[in-house]
A.B. asks: 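One structure, as structure tokens, below. Some questions next.
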Amino acid sequence: MQHMEGLNEAQKQAVRTTEGPVLVLAGAGAGKTKTIAHRVVHLVKSGVPGHAILAITFTNKAAREMRERIGGLLKEHGEQRATGDITVATFHALGVRLLREFSREAELDRHFTIFDRSDSLRAIKRVLKEKGYEDAQIAPRSVLGAISRAKGAAKTLAGYREQVDDPYRSMVAAVWEGYRGILRKEHALDFDDLLLELWHLLQTQEAVRDTLRRRYQYLHIDEYQDTNAVQYELIRLLTGTSGNVFCVGDLDQNIYSWRGASIRNILEFEQVFPDATVIRLEQNYRSTKTIIAVSNDIISKNVNRKEKRLFTENPEGSKLALITGYDEKDEADKIVWEAERLVGEGVPLREIAVLYRANFQSRAVEDAFLRAGVPYRVLGTRFFDRKEVKDTLAYIRASLNPDSFSDIGRIINTPLRGIGAVTVRKLEGEGRDALSGKPRERVDAFYRILGDIRDVAMGKLASEAIRYTIERSGLSAHLAQGGEEDRERLFNMQELVTLAAQRYDTLPAPEGVLRLIEDAALATDQDEIDARSKQRDGVTLMTIHAAKGLEFRHVFIAGLEDGLFPLEREGGGSDSADDEEERRLFYVALTRAKEKVHLSYAQVRTVFGHRAPRIPSEFLLDIDNDFFETPTTEPSKVVYLD
């Protein structure tokens, strides 16, 4: 068959197996999107009408690429007429489409509004105020996160209430009720509701469920390892007990448990669908034999996985490079030196990536690239542009200059203090003397915080001033209540302390902290003025989570130290599920590389202003010495004296 050309035997088996449940365990770089696209073409060539085919993925970008791939193949094989009938969508886009179509059965306004995250946060803040929680310094973002996680776990408000066992959950339930009231009043759904309401519809409306099962006779689910409970339930309900569902995923790339992704969905697939066919796509088309061998060895140490061993027909390739830095600055300088050498050998900047476990690590690496004048781009937000960094510096600026209302307006209610917009406008226009009662008490309390910060900033070293600001402002306590994203923000604020300790503590108070504020402002302004001279090409800097699905010729994995990668969890305890996810994250990082992996660590690192020796990551110790190359000539080591 002509439309099977270019597929290996495992891919052909996956394409031909059209009836019944199929689980495809597709390794990194094994051509899973290609396999799904060819399977859709095979179904159409076999006489299946386009409207009977549904393909679901996670991001708009992935859906667009899959749609284009399928459309191109259909055109190539003379089946273009079917393109418009095939449904390729994200879970959320499918939810919108079906809830509008069956709005009467779902008891929804057909033209319901969709709340984005900022709409939801505004509503949560409003409910917190109405319920009297505004003085408790409860983070609206953390409450919204708790509600979102519950909805992703296929829990309704009633179901959540049944599990309330502490004051915080009780508060979340109360706020959820008020938030739900706002959504209903405005005929709106948030992103999580798009799936939760569809799940409820399919559960309770048998006629709708049967209609959709007859319509979508062939389901395709991409990135199945990333599905959460409600997405799993939607797949199960649309498929039925013996329907045709084709799930493609890789247990070894399950790295989003903190978002609710459940590893059990793949592990228990054959229990849910006893007659399932399991196919393994193990041929990697991306990486060298060396990279694949190391990746296999690393991931094989995980227990909770389905056995799969990648292989490739690509060349042996280079051995892994190991970069040892004295500290994080030396580590970053050596990474940049090596990147410059690669560029000199003809490697394009865009084919080089520096990956790290936590966002705060980007600061030292950004500094090194800036000093060397090597173009780079940060996927995400530059260090000084991050909200939490700006907030911390705004507190110090406002403490030193209480007339700076741009700073006051930014932080007066961050974290939440119950100071409303009317009070803020009156404060700006008429001053504190125009306020009275509770508003005056809250504003006075805020200015006492600024006064305390000013005293420390004027008399202490820069790092001590930053550390005190993070704690006295309430930012640290506020972020400590949240999940993984808030934890990242706290890391970034702590990195600001580290920066101050390394670069500004040699200056007397208050000159050190003033210089830091000045340099941060100039760095941000320069970024805005030229956006790296509007140069879009550059070495890519990003977290490993952000790198999933991407590939580069050369990949640097920085900060391979015990406690940083694998990341030590809150409280310092070890959990086997967390340990295995960290190992999967390292596997994802390794398999982003096509030609060579460069691993690095620092012997000393400053964290939250404290300089301490570091132990190399267990991941480095897990790699056989034969896979490492003899160190190349590096710039002479600089010795830093404390």
Side-chain angles (χ1 to χ4, degrees), residues 21 51-60 62-63 66-67 86-117 119-120 144 147-160 176 179-184 186-224 226-241 243-247 249 256 259-262 265 272-273:
H51 63 75
I53 301 171
L54 170 64
I56 305 176
T57 189
F58 275 80
T59 67
N60 290 323
M66 188 177 291
R67 200 177 294 117
I86 296 167
T87 301
V88 181
T90 63
F91 276 101
H92 292 91
L94 183 68
V96 173
R97 182 181 305 189
L98 296 180
L99 288 174
R100 291 206 195 283
E101 180 180 351
F102 298 100
S103 57
R104 182 179 60 80
E105 291 85 349
E107 298 181 352
L108 296 170
D109 185 321
R110 190 174 190 277
H111 304 290
F112 60 80
T113 301
I114 301 171
F115 268 28
D116 63 17
R117 186 168 174 80
D119 295 326
S120 294
L144 180 59
I147 294 170
S148 178
R149 286 190 295 275
K151 289 179 177 180
K155 285 189 175 69
T156 61
L157 175 56
Y160 185 82
W176 188 348
Y179 175 51
R180 185 179 64 176
I182 291 174
L183 289 166
R184 286 179 174 175
E186 298 191 23
H187 299 291
L189 300 177
D190 65 18
F191 271 34
D192 300 302
D193 289 329
L194 296 175
L195 304 188
L196 193 67
E197 290 294 332
L198 179 58
W199 169 64
H200 181 69
L201 174 68
L202 293 175
Q203 262 200 324
T204 58
Q205 299 292 324
E206 186 178 354
V208 174
R209 187 169 67 241
D210 289 345
T211 296
L212 292 175
R213 285 179 178 177
R214 285 193 300 271
R215 178 189 300 173
Y216 300 129
Q217 295 173 34
Y218 294 88
L219 273 68
H220 301 74
I221 316 297
D222 193 15
E223 303 288 6
Y224 187 60
D226 292 337
T227 52
N228 61 20
V230 74
Q231 289 160 342
Y232 163 78
E233 288 295 330
L234 288 174
I235 295 163
R236 187 181 61 81
L237 288 166
L238 284 171
T239 303
T241 56
N244 301 319
V245 61
F246 184 84
C247 295
Y256 294 119
R259 287 185 188 170
S262 175
N265 294 349
V272 177
F273 301 103

A.B. asks: Quick one: pull up CH2 in Trp199 and OG1 in Thr156 and give me the separation to the nearest 0.5 Å.
C.D. replies: 6.5 Å
A.B. asks: Is any side-chain heavy atom of Glu105 less than 4.5 Å from a side-chain heavy atom of Leu201?
C.D. replies: yes
A.B. asks: Is any side-chain heavy atom of Phe246 closer than 4.5 Å to one of Leu219?
C.D. replies: no
A.B. asks: Could you tell me which non-hydrogen atom of Ala63 sits nearest to which non-hydrogen atom of Val88, and how far apart they are?
C.D. replies: O-CG1, 3.6 Å
A.B. asks: Gln231 and Asn265: side-chain contact (heavy atoms from CB on, under 4.5 Å), yes or no, with the steps?
C.D. replies: CA-CA 10 Å; Gln231 289 160 342; Asn265 294 349; over 6 Å; no
A.B. asks: Take Asp119 and Asp116 through the side-chain contact (heavy atoms from CB on, under 4.5 Å) test and state the conclusion after the steps.
C.D. replies: CA-CA 5 Å; Asp119 295 326; Asp116 63 17; 3.0 Å; yes
A.B. asks: To the nearest 0.5 Å, what is the distance between CD1 on Ile53 and OH on Tyr218?
C.D. replies: 8.5 Å
A.B. asks: Check whether Gln205 reaches the backbone of Leu202 with its side chain - one donor and one acceptor, N or O, closer than 3.5 Å.
C.D. replies: no
A.B. asks: In this structure, are over 12 heavy atoms from other groups packed under 6.0 Å from Phe191 atom CZ?
C.D. replies: no
A.B. asks: Kindly say whether Leu144 contributes a backbone atom to a donor-acceptor pair with the side chain of Ser148 at under 3.5 angstrom?
C.D. replies: no
A.B. asks: For Glu101, enumerate each residue passing the salt bridge (Lys or Arg N to Asp or Glu O under 4.0 Å) test, keeping only those at least two apart in sequence or located in another chain.
C.D. replies: Arg215
A.B. asks: Could you report the tightest heavy-atom contact between Gly95 and Leu198, atom names first, then the distance?
C.D. replies: CA-CD2, 4.0 Å
A.B. asks: Would you say the side chain of Leu183 lies within less than 4.5 Å of the side chain of Thr113, judging by non-hydrogen atoms?
C.D. replies: no
A.B. asks: CG of Asp192 to CD of Glu197: how many Å apart, nearest 0.5 Å?
C.D. replies: 11.5 Å
A.B. asks: Within the 4.5 Å heavy-atom criterion, are Phe112 and Leu194 side-chain neighbours or not?
C.D. replies: yes
A.B. asks: Let me confirm one number: the CG-NE2 distance from Leu237 to His200, rounded to the nearest 0.5 Å.
C.D. replies: 12.0 Å
A.B. asks: Does Asp193 reach the main-chain N or O of Leu196 with its side chain, forming a donor-acceptor pair under 3.5 Å?
C.D. replies: no
A.B. asks: Could you check if a side-chain atom of Phe58 sits within less than 4.5 angstrom of a side-chain atom of Asp222, using non-hydrogen atoms only?
C.D. replies: no
A.B. asks: So do the side chains of Phe273 and Thr239 get within less than 4.5 Å of each other, counting heavy atoms only?
C.D. replies: yes
A.B. asks: Is there a side-chain contact between Leu99 and Leu189 in this structure, where contact means two heavy atoms from C-beta onward sitting under 4.5 Å apart?
C.D. replies: yes
A.B. asks: Answer yes or no: is there an ion pair linking Asp190 with Lys151, defined by an N-O contact shorter than 4.0 Å?
C.D. replies: yes
A.B. asks: Evaluate the criterion side-chain contact (heavy atoms from CB on, under 4.5 Å) for residue pair Phe102 and Leu108; output intermediate values, then yes/no.
C.D. replies: CA-CA 9 Å; Phe102 298 100; Leu108 296 170; over 6 Å; no
A.B. asks: Rounded to the nearest 0.5 Å, what separation is found between the CD1 atom of Ile56 and the CD atom of Glu223?
C.D. replies: 13.5 Å
A.B. asks: Mind listing the closest non-hydrogen atom pair of Gln203 and Arg209 along with its distance?
C.D. replies: O-NH1, 3.3 Å
A.B. asks: Is any side-chain heavy atom of His220 closer than 4.5 Å to a side-chain heavy atom of Leu54?
C.D. replies: no
A.B. asks: Considering all heavy atoms of both residues, which atom of Arg236 and which atom of Arg213 are nearest to each other, and what is their separation?
C.D. replies: O-NH2, 4.2 Å
A.B. asks: Checking the side chain of Arg100 only, and the main-chain atoms of Arg110 only, is there a donor and an acceptor separated by less than 3.5 Å?
C.D. replies: yes
A.B. asks: If you look at every heavy atom in Cys247 and Val245, which pair is closest and at what distance?
C.D. replies: SG-CG2, 3.7 Å
A.B. asks: Let me confirm one number: the CG-CZ distance from Asn228 to Phe91, rounded to the nearest 0.5 Å.
C.D. replies: 8.0 Å
